[in-house]
Amino acid sequence: MRTTCTQTAELRENLQRFVEETNQRHPDFIKVVRHVKQEGLIRARVSGWRAASAPVVALFDAHVEFNVGWAEPILHRIQEDRTRVISPSFDNIKFDTFEVEEYPLSAQGFDWELWCRYLNPPKSWWTQKNHTAPIRSPSLIGCFVVDREYFEEIGLLDEGMEVYGGENVELGIRVWLCGGSVEVLPCSRTAHIERAHKPYTQDLPTHVRRNALRVAEVWMDEYKDHVYMAWNIPLQDSGIDIGDIRERKLLRQRLRCKPFRWFLHNIYSEMRTYGDTIAYGTLKNSLRPDLCVDQGPDSDNIPILYLCHGMTPQ
């Protein structure tokens, strides 16, 4: 299942022709789900899941290419344990040349803003000296394969999120806390085009920030302030409407999930935490309120005064 959207007449005609020709050879092999309005990536993927009927569902971007034999190792692992949510290993397709660039084997994690990132595999994986072994992963980059019924039992994706971002991190946290596991499989390789920009919206960080705060409020317990601090938002009266999270909190209760502290200690121990934080935010110059303390050039590691912009360096 791929998430795709096109309003271009030529592309739409070619897609429709491909669907019709494929379904003539293999009846009902491809289903096309069209929305009456733009739903964003998160709800679009869930609508694809609702249209699926196979026992295992794969949710991928449209700009992904699959290697030969990518599915069999994943299906085998899910057959062994239906509570495994699995990502293939990703290589990169350069957006401007379509050249394939091999990426090293990685786990998938996130920072406190809940942007996903690649991680070095855990020490336990290296000690096996088996580069085909599954890699335990704290989170998911965003493309994954899951038992269709288990995906529903565990709560799908958070449809209260908007557009894009954070849904993959939330899923990884939720699966670990509520009795499942997340893996990256080295024997399953795909390639993904990392585009120059995201086409969803002109203000993507605003949506990612809102989604991240939903995750913090539902799942992160006493560590939720780390997300607020990373986005430089006050913990009280942030002014950001994150929507209704009552259903997600009830889901956590119903699944009898572990506390977030367990996740940090047992699954994502390399994630840096901060204790006894007195205050956070920007430091403004009292004589020039347009100037703030800034980390300065990375190479110097010497703080400087710089025009206030409220981004990470400040």
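The first residue of the sequence shown is numbered 1, and numbering continues consecutively from there. Here the structure is a predicted model, which means the values were calculated and not measured.
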Exercise for review: Please assess F29 against V19 for the test side chain to side chain contact (heavy atoms under 4.5 Å, CB included), listing each intermediate value before the final yes or no.
Suggested key: CA-CA 9 Å; F29 186 73; V19 170; over 6 Å; no

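- Rounding to the nearest 0.5 angstrom, the gap separating the CG atom in D28 from the OG1 atom in T22 is 12.5 Å.
- The two residues M220 and F110 come nearest to each other via the heavy atoms CE-CE1, 4.5 Å.
- Of all non-hydrogen atoms in A51 and V33, the two that sit nearest each other are CB-CG2, 3.7 Å.
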Check your understanding: Could you walk me through whether W70 and V145 pass the side chain to side chain contact (heavy atoms under 4.5 Å, CB included) check?
Key -> CA-CA 11 Å; W70 75 276; V145 185; 4.1 Å; yes

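- Of the charged side-chain nitrogens involved, none lies within less than 4.0 Å of a carboxylate oxygen, so that E159 and R43 do not count as a salt-bridged pair.
- Contact between L156 and L171 at its shortest, heavy atoms only, is O-CD1, 3.9 Å.
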Exercise for review: Start with the C-alpha distance between K224 and E222, add both sets of side-chain angles, then the distance that settles salt bridge (charged side-chain N to carboxylate O under 4.0 Å, His left out), and finish with yes or no.
Suggested key: CA-CA 6 Å; K224 70 179 183 180; E222 71 267 31; over 6 Å; no

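- Other residues, nucleotides and ligands place no more than 12 heavy atoms under 6.0 Å from the CD atom of E247.
- Distance check, rounded to the nearest 0.5 Å: CG of L185 to OG of S137 gives 10.5 Å.
- For K249 and D244, the salt-bridge test fails: no basic side-chain N is under 4.0 Å from an acidic carboxylate O.
- In this structure, S87 OG and L59 CG are separated by 12.0 Å, a value rounded to the nearest 0.5 Å.
- Applying the 6.0 Å contact sphere to CD of E149 captures no more than 12 heavy atoms from other residues, nucleotides or ligands.
- The 12-atom threshold is exceeded at NE2 of H35, counting heavy atoms of other residues, nucleotides or ligands nearer than 6.0 Å.
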Check your understanding: Could you walk me through whether R17 and E21 pass the salt bridge (charged side-chain N to carboxylate O under 4.0 Å, His left out) check?
Key -> CA-CA 6 Å; R17 188 181 305 114; E21 291 174 353; 5.1 Å; no

Practice item. Start with the C-alpha distance between Y280 and L235, add both sets of side-chain angles, then the distance that settles side chain to side chain contact (heavy atoms under 4.5 Å, CB included), and finish with yes or no. Key: CA-CA 10 Å; Y280 61 88; L235 191 58; 4.0 Å; yes

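- A donor and an acceptor atom, one from each side chain of Q24 and E20, are nowhere located under 3.5 Å apart.
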Review point. Does the side chain to side chain contact (heavy atoms under 4.5 Å, CB included) test come out yes or no for C178 and I154, once each step is laid out?
Key: CA-CA 8 Å; C178 306; I154 205 72; 3.9 Å; yes

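- In terms of heavy atoms, Y164 sits closest to L41 at CD1-CD1, 4.1 Å.
- Within a 6.0 Å sphere centred on OH of Y103, heavy atoms belonging to other residues, nucleotides or ligands number more than 12.
- Note on E80 versus R77: salt bridge recorded, some NZ/NE/NH1/NH2 to OD/OE distance being below 4.0 Å.
- Aromatic pair F90/Y118: ring centres not closer than 6.0 Å.
- In terms of hydrophobic clustering, with Ile, Leu, Val, Met, Phe, Trp and Tyr side chains grouped at heavy-atom distances under 4.5 Å, V208 and V169 are assigned to a common cluster.
- Ring orientation note: the planes of H131 and W126 are nearly perpendicular, at an angle over 60° on the 30°/60° scale.
- Using a 4.5 Å heavy-atom cutoff, the side chains of Y268 and W176 are not in contact.
- A salt bridge links R189 with D91: at least one charged nitrogen is closer than 4.0 Å to a carboxylate oxygen.
- In plain terms, the two heavy atoms of S89 and L105 that are nearest each other are OG-CD2, 3.6 Å.
- Between W49 and V146, the closest side-chain pair of non-hydrogen atoms is not below 4.5 Å.
- Salt bridge absent: R209 and E113 never bring a charged side-chain N and a carboxylate O closer than 4.0 Å.
- With a 6.0 Å radius and a threshold of 12 heavy atoms from other residues, nucleotides or ligands, Q295 has its CD atom above the threshold.
- Rounding to the nearest 0.5 angstrom, the gap separating the CE atom in M161 from the CZ atom in R214 is 6.5 Å.
- Salt bridge absent: D96 and K94 never bring a charged side-chain N and a carboxylate O closer than 4.0 Å.
- Counted within 6.0 Å of NZ on K284, heavy atoms from surrounding residues, nucleotides or ligands total 12 or fewer; the atom is thus considered open.
- Taking 4.5 Å as the limit, some side-chain heavy atom of W219 sits within range of a side-chain heavy atom of L177.
- Side-chain N/O atoms of Y228 and Q236 include no donor and acceptor closer than 3.5 Å.
- Contact detail for A107 and P138: the closest heavy-atom pair is CB-CD, 4.3 Å.
- Side chains of Q108 and V182 form no contact here, defined as non-hydrogen atoms less than 4.5 Å apart.
- Screening L283, L305, T282 for a side chain to side chain contact (heavy atoms under 4.5 Å, CB included) involving C292 leaves a single residue, T282.
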